[in-house]
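What follows is one structure encoded as structure tokens, with my remarks underneath.
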There are 2 protein chains.
Amino acid sequence: MRTEHEAWASQLRKGVLELAVLGLLAGEPKYGSQLVDDLATHPELSISAGTVYPLLARLAKAGLVTSVWQESPVGPPRKYYTLTEPGRRTLNAMTQAFRAVSATVTTILEGQR
Amino acid sequence: MRTEHEAWASQLRKGVLELAVLGLLAGEPKYGSQLVDDLATHPELSISAGTVYPLLARLAKAGLVTSVWQESPVGPPRKYYTLTEPGRRTLNAMTQAFRAVSATVTTILEGQR
DNA sequence: CCCGATAGCTTGCATTGCAAGGTAGCTGGC
DNA sequence: GCCAGCTACCTTGCAATGCAAGCTATCGGG
């Protein structure tokens, strides 16, 4: 519990990042740095490169995403990640689970007010 | 990623358990087993004793809760945990953070539909 | 006196966010 | 040519924490 609730925020991200990344990939294929940039626009979920790449590797290993190398017009090649069919199913399941948890927490917080 | 999304659910709990426990204690002092039972009524957040006691110990160490031993009419003594003033403030901060994250995730998920 | 239920706690493990650092391709200025 | 700076990918080591499993201790009933 290093710095009160900045540390806690990181724990909160932990449970949600995988869902957020799958959600972003559901729209269109993206590459690692692009995900970092996209998430940076949502301060609550912003993460560093050192978090994204291991996460993408885990998703790929689990078969939820596949990747394709593609040349960049302006820099080093990029590895685009696409949702697979199992990935899409998992995203749906996670979405439901998230909504359920979110609703439950809201209930607990309101019930004790 | 042991069993697909059962394992994920545990990661999702990770970020939210502390908030849920503080939320439950905001109503009235409770003891460990009682928290386990309370949370068991919310399947999404149900946890085991081996999770609650370390968590309570961390909260106590951080000064967010205090505990008092109290005799039980029917069994071994119970350790009742009460929210401290800093605990209450932390609960409020966490509640806001949770709402922000929840809203952001919802936005991401809807944006890609 | 033992047995089940209740209550608290500990140990060891696996997962995972993150800071820091490392490699390599591309571009523009010199 | 060559170097500085940017982009992009990846790895290493660490810390936090949920969880199964197991231990101790109290109480009451048979």
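Keep in mind it's a predicted model, so treat the numbers as computed, not measured. In the text below, chain A, chain B and the rest are named by the order of the sequence lines, each starting its count at 1.
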Q: Using atom types as modelled and distance alone, determine if a side-chain donor or acceptor of Thr104(A) lies under 3.5 Å from a backbone N or O of Ala100(A).
A: yes

Nearest 0.5 Å please: distance from the [atom1] atom of [X] over to the [atom2] atom of [Y].
X: Thr66(B); Y: Lys79(B); atom1: OG1; atom2: NZ; answer: 11.0 Å
X: Leu83(A); Y: Leu64(A); atom1: CG; atom2: CG; answer: 8.0 Å
X: Leu45(B); Y: Thr107(A); atom1: CG; atom2: OG1; answer: 10.0 Å
X: Ser10(A); Y: Ile47(A); atom1: OG; atom2: CD1; answer: 11.5 Å
X: Asp37(B); Y: Thr41(B); atom1: CG; atom2: OG1; answer: 9.0 Å

[X] vs [N]: side-chain N/O to OP1/OP2 distance below 4.0 Å:
X: Tyr31(A); N: dA8(D); result: yes
X: Ser33(A); N: dC9(D); result: yes
X: Arg78(B); N: dG8(C); result: no
X: Arg13(B); N: dC19(D); result: yes
X: Lys79(A); N: dC10(D); result: yes

Round to the nearest Å and state the distance from [X] atom [atom1] to [N] atom [atom2].
X: Gln70(A); N: dT7(D); atom1: CD; atom2: C1'; answer: 16 Å
X: Trp69(B); N: dT26(D); atom1: CH2; atom2: P; answer: 10 Å
X: Leu35(A); N: dC10(D); atom1: CG; atom2: P; answer: 12 Å
X: Lys61(B); N: dT17(D); atom1: NZ; atom2: C1'; answer: 14 Å
X: Lys14(A); N: dA15(D); atom1: NZ; atom2: P; answer: 13 Å
X: Leu59(B); N: dC9(C); atom1: CG; atom2: P; answer: 13 Å
X: Leu56(A); N: dT16(C); atom1: CG; atom2: C1'; answer: 14 Å
X: Glu71(B); N: dG28(D); atom1: CD; atom2: P; answer: 11 Å

Which nucleotide, [options], lies nearest any side-chain atom of [X]?
X: Ser10(A); options: dG17(C), dT17(D), dT11(D); value: dG17(C)
X: Arg58(B); options: dT16(C), dT17(D), dG8(C); value: dT17(D)
X: Leu17(A); options: dC18(C), dT11(D), dT16(C); value: dC18(C)

Q. Tell me, which pairs form a ring-ring contact (aromatic ring centres under 6.0 Å, His included) where one or both residues lie in residues 52-95 of chain B, sequence neighbours left out?
A. Tyr31(B)-Tyr80(B)

Q) Which residues within residues 36-52 of chain B lie with some heavy atom under 4.0 Å of an atom in DNA chain D? A) Ile47(B), Ser48(B), Gly50(B), Thr51(B)

Q. Does Ala57(B) or Leu55(A) map to a spot on DNA chain C nearer the 5' end, using the closest nucleotide for each?
A. Ala57(B)

Q: Just jot down the side chain to side chain donor-acceptor pair (under 3.5 Å) partners of Thr95(B), sequence neighbours excluded, or say none.
A: none

Q: Between Val74(B) and Pro76(A), name the one whose nearest nucleotide on DNA chain D is closer to the 5' end.
A: Pro76(A)

Q) Reckon Tyr80(B) touches a base, only the sugar-phosphate, or nothing at all at heavy-atom distances under 4.0 Å? A) nothing

